[in-house]
Amino acid sequence: MKYIVTLLCFFGVLSAQAQKMPDHLYLRAMRDEMQRSKKELRMKGGPKPFFIVYKLTQTEKQQLSSHFGQAVVNNLQEPQDLHADVYLYAGTAKSNSSGFSADKSGSDLGVSYEVNIPKSYDGIRRALWKSTNTQYLSAATLYEKKEAYKKQKNLEGEEADFSYAPKTAYVEDIPPFTYRDEAQYQQLLNEITSLRPEIKHLEKLVAEFTRRQQEIYFLDSEGDFAVYPLQKEFIQVLFTYRSKHGYVIEEKETFDLDFNAPLDKEKLMQQVRAFYQAAAQRQNFEMAQSYIGPVLLRAQGAGRYFNRTFVSAMANTKPLLSSEISLGFSLAVSPFKDRMGLRVISPLFDVYDRPFAKEYNGQKLSKFTPIDAEGVKPQELQLIKNGKLMTLPTIRSLIKDQKQSNGHARSVNYAPRAALTNVFFIPKKTMSVAELERLFLEKCKEQEMEYCYIWDDKGDANSLLERVYTQDGRREWVLGRISGADLRSLRSISAAADDLQVWQDGGNVVAPSIILEELTIDPVFAKPPRKPFVPFP
Amino acid sequence: MKKILFLAVLVSGFPVLGAAQNNCTIGQQVPIQLMQQEFKRNFKVLKKENPPIYYLSYIYQESVQHQLTATYGGISTEYSWTTGDIEVQARAGSPKMDNTRSLRGERDDWSTLYSSVSTPYDLDKKGFLASLWRLTNSAALKAQENFARVKNNVRNMAVNKDQSDDFVFPPVSLFCHEEPLQEIDLQKVKELLLPISQMTKGKKTILDSSFSFSTRQGHRYFVDSRGTQIKTPFSFIRLTYSLYGRGADGMEISRFGDYNLRSMADLPTAQKLAADVQKSMDELEALAVAPEGMPDSAPVILKGRAAAVFAHEVMGHRLEGDDQKNASSGQTLTGKVGQQVISPLITITAEPTLKEFNQEPLRGYYEYDDEGVKAQAVTLIEKGILKNFMMKSSPIEGFSLSNGHGRKSIGLRAAARMSVLRVKAEKTISYDELEQKLLAEIKRQNKPYGYIVEDLSGGFTFTTSSMPQSFKLETKMVYKVYPDGKKELVRGLDIVGTPLVSFSRIVAAADDDTIFNGSCGSTSGWVPQSNISPSLLFESMELEKSAKSHYKPPILPAPDVKKEKKK
């Protein structure tokens, strides 16, 4: 059962008719400590705590693995972890400790956390009490430094630091965590590693099964709350081999499984076989030469490319105030901040952020977010229309011309900052992958290229790429490095296929295969290690 | 004499040692068979390389571990897991000079090649062999690279005074000892710890507390290129608790309790544990309001546990063989064999062969060290006269063989380290008499008071020559003792000093030998270790103020602490 309750507030007065919080030990402890902190936590002569967030995450998981056909290190009993994140703004709605750093590395923006919290009322309250105290001291210091900085820079009278938002609550039943049959899944992993890719110098082959459930409990000092599970189940297969040039190549593939359905073993084994076969075809690769020209990114490669360029650049839309001149990369302000209405990506695309999405076309998305890190219900955003920037993700600390947060405060290690969730790159005009490849070859011929490259996210720093010869369409694999994938390159996407796929490796992107008019491929600089003294046993 | 005896063993052709406690057949152990198989294949090639890999050893360690922690009536951690680790060590060059030589003016590389592998091993022989092969290749490359660094360092830097070889081949041993693992009943532990963990609830002084139970049991397999094959068991079962608080001035205060167990049958009863925790809570309450001590020099009694830590930090580390050879070390005792170095009252021994003391298991016990050398009991200092050092398989001037003290954690090279360090007194008196002697010493020196150090949390010492050869012991419970016998608890004092002077000032010892079981961290990692000492009276020791935090206690009291009414 799921339900979302969003009640409007007027003139900053929150409705008292909020959704009733479920009676749960964790929520009770959170609520009681929150009430005490709001009522009693005061530092003499210092700013008051203004906004407090408690988030408890209980993680339960089952992991199994197999190595060259047999079981590896297996836990007898799986660990559970109850983890608390606490952050707090001190001051007032007009001016508080948020959005300011007095440290180059942003260490003063950190969230206080406690791990391995006992699953008892007293244990949870104590963990929250300690973290709240730490956060309050840090927020009060930050507030005072920020006030001094604003005076020094004549910044008084800017937009308020905190905007009110409709009250929200989200409750989803959390089923008890269940374990898969260990013997059955161990046998499955053993079969996967026994199968083995036909690769000459295979050095390592590991298959790992992970089934994980996170229970999220969120409460803020305005009474917004959420309770929901995040579930994930997958098998990752990884192997390394030594190429004819002596490089140690790692191939890795993650196969998502349905957390709530029985295993479709036949389908999985087909996927594994296909992965092994494809990897075996890549093993006799050549070395890439320097190249500048068109590149076709298959859907997975496009996912990584969009994540590195567009998605990263959409974070931190509200610049941090700082007494330090240069903040680190992860704290830098979004380059899109002042480009509203401008074409920032090829007109072929509309781009959306869908925080509530749990899957796309049967493929799982892992960043479902029913409440943001500042207790606001997230909105689906159309970020790009016909390639033009339409809107930005925002938080409660508003940017010019915005009236309220659109629920995109995200907090990972740092106090909340604006960021995207599940980003969909929807092409307005598509063709089949075969047509895209034909078009790609035509472009290469037009530019009188001897060959062009296709990339499918194989490897990271050094990538395996497909070299396609324009004369006869012959293909071979090469090892090279992709560079030049910057924000400007987003404007040079000239075509897209209809094969949208979910890419997940730190982010969640849904994207099709695309043609980039220009990208740079460099040769691999690192020398391979020497040949082993003794051949593989 | 000792030197001649060791040489006699050397020329006698590496006798096979340690058949006495065999209770299994070493050649039938699957990990040994697998290691031998891969080992032969690799060593045949590697010994012909340039520079040659002249010595190779494999360790496989399998263990089952449990961890359970209770706090405030809830379980915060509970897990059990099995691990299997393979480690490969290679020596490039020759015993005269190899890749392990300590570099002058450069940082030494203490790391080894290791990897987690399949457990149980018999399910994954191919994976086991593949891991060994991969690690052996990397270990050989690393040894050759480090040997090049050594050669360069020897050519460019000043000559080391101690010209002993870098390695002596350990005697060949064939030894197989296995023990069934103790059954662990975590439910029983939970039933013990959950109610006890509630005892700290509502106490204003206690900011945090935890009650933990941990076990690590298993077997270690060792093979080397000389033909040694060893299997030995290990078992560590421990229950601990810790209580933390903070004085109004920011000073952190704590109490700690530990129980080292042979089996579940040794678990303390709920009554015993509750009484110990109550005592620790009372001590913490007393510490919170105790006055802060001031720097001083006065007669001091170190009670058993504190004396054991003192012996470990102050003298133990200086009796480790590596300290004598390394040119960067302080070499406090180098060249002093046969000389009176400390009080004639004191004898210090290293006894890794001692399994239990007063029915408590000793964490520093083992049958073979981490270089495959049989553990030996060694008298280090006899009646104040330096006799010997704790040795690994790296000779030092005057001592050419290991006495089974090469110790390390997985992933690091072995160093000469302590095992069970024992302080013995030639003449002892009862503890009450020792206190009377303290009072007499206070009066004799015309001091306003002396000190009794009941407990230490630990300490550290500098043994490198670039630092002063001093030590610091962090105290937990210190009493000021007035000439009339009145005692007053103080806090915030640490003991400082230098080793030779401090040990020379021991004037009496009690008959209350006490154990400090712990783990010691050094260049070769963390190793389990035990120290046994009687309470010791020092003519004089220097006490200085402890470092303290500048943080206030939390603004609000803990949620389970009742609010105090405003007066």
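In what follows, chains carry the letters A, B, and so on, assigned in the order in which the sequence lines appear, proteins first and then strands, with residues in each chain numbered from 1. Just so you know, these numbers come straight off a predicted model, no measurement behind them.
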Undergrad: Give, for atom CZ of A:Arg125 and atom OH of B:Tyr72, the distance between the pair rounded to the nearest 0.5 Å.
TA: 13.5 Å

Undergrad: Between A:Glu33 and chain B, which part of the residue has a heavy atom less than 4.5 Å away: side chain, backbone, both or neither?
TA: side chain

Undergrad: For chain B, find which of A:Arg42, A:Met43, A:Lys119 contributes the most heavy-atom pairs closer than 4.5 angstrom.
TA: A:Lys119

Undergrad: If you count every heavy atom of other residues, nucleotides or ligands that lies below 6.0 Å from A:Gln184 atom CD, does the total exceed 12?
TA: yes

Undergrad: Would you say A:Trp129's side chain and B:Leu556's backbone share a donor-acceptor pair under 3.5 angstrom?
TA: yes

Undergrad: Is it the backbone or the side chain of B:Glu49 that comes under 4.5 Å from a heavy atom of chain A, or both, or neither?
TA: side chain

Undergrad: Pick one of side chain, backbone, both or neither for A:Lys44, based on which atoms fall under 4.5 Å of a heavy atom in chain B.
TA: neither

Undergrad: Please tell me if the side chains of A:Val534 and B:Thr136 come closer than 4.5 Å, counting only heavy atoms from C-beta onward.
TA: no

Undergrad: Any side-chain heavy-atom pair from B:Lys48 and A:Phe533 closer than 4.5 angstrom?
TA: no

Undergrad: For A:Arg530, is it the side chain, the backbone, both or neither that has a heavy atom under 4.5 Å from a heavy atom of chain B?
TA: side chain

Undergrad: Is the count of non-hydrogen atoms from other residues, nucleotides or ligands lying under 6.0 Å from A:Lys55 atom NZ greater than 12?
TA: no

Undergrad: Examine whether an atom of B:Pro553 lies under 4.5 Å from a heavy atom of chain A, and if so say whether it belongs to the side chain, the backbone or both; otherwise answer neither.
TA: neither

Undergrad: Can you tell me how far apart CG (A:Asn116) and CD1 (B:Ile75) are? Round to the nearest 0.5 Å.
TA: 11.5 Å

Undergrad: Please flag which part of B:Asn42 lies under 4.5 Å from any non-hydrogen atom of chain A: side chain, backbone, both or neither.
TA: both

Undergrad: For B:Lys204, I'd like to know if atom NZ has over 12 heavy atoms of other residues, nucleotides or ligands within 6.0 Å.
TA: no

Undergrad: With a 4.5 angstrom heavy-atom cut-off, could you sort out which part of B:Ser209 is near chain A: side chain, backbone, both or neither?
TA: neither

Undergrad: Quick check for you: among B:Ser76, B:Gly74, B:Ser197, which has the greatest number of heavy-atom pairs under 4.5 Å with chain A?
TA: B:Ser76

Undergrad: Measure the NZ-CG distance between B:Lys552 and A:Asn133 for me, rounded to the nearest 0.5 Å.
TA: 10.5 Å

Undergrad: Check each atom of A:Leu137 against the heavy atoms of chain B and say whether the ones under 4.5 Å are side chain, backbone, both or neither.
TA: side chain

Undergrad: Tell me whether A:Glu198 at atom CD has more than 12 heavy atoms from other residues, nucleotides or ligands lying less than 6.0 Å away.
TA: no

Undergrad: Below 4.0 angstrom, N of the basic side chain to O of the carboxylate: do A:Arg126 and B:Asp208 qualify?
TA: no

Undergrad: With respect to chain A, which residue among B:Gly73, B:Pro554, B:Ala558 yields the maximal number of heavy-atom pairs within a distance under 4.5 Å?
TA: B:Ala558

Undergrad: Using non-hydrogen atoms and a 4.5 Å limit, figure out which bit of A:Ile117 sits close to chain B: side chain, backbone, both or neither.
TA: backbone

Undergrad: Report, as yes or no, whether the 6.0 Å neighbourhood of atom CD on B:Glu145 holds more than 12 heavy atoms from other residues, nucleotides or ligands.
TA: no

Undergrad: Between B:Gln198 and chain A, with a heavy-atom cut-off of 4.5 Å, which part of the residue counts as in contact: side chain, backbone, both or neither?
TA: side chain

Undergrad: Is the shortest side-chain heavy-atom distance between B:Trp133 and A:Pro535 below 4.5 Å?
TA: no

Undergrad: Non-hydrogen atoms of chain B under 4.5 Å away: do they reach the side chain of A:Tyr121, the backbone, both or neither?
TA: neither

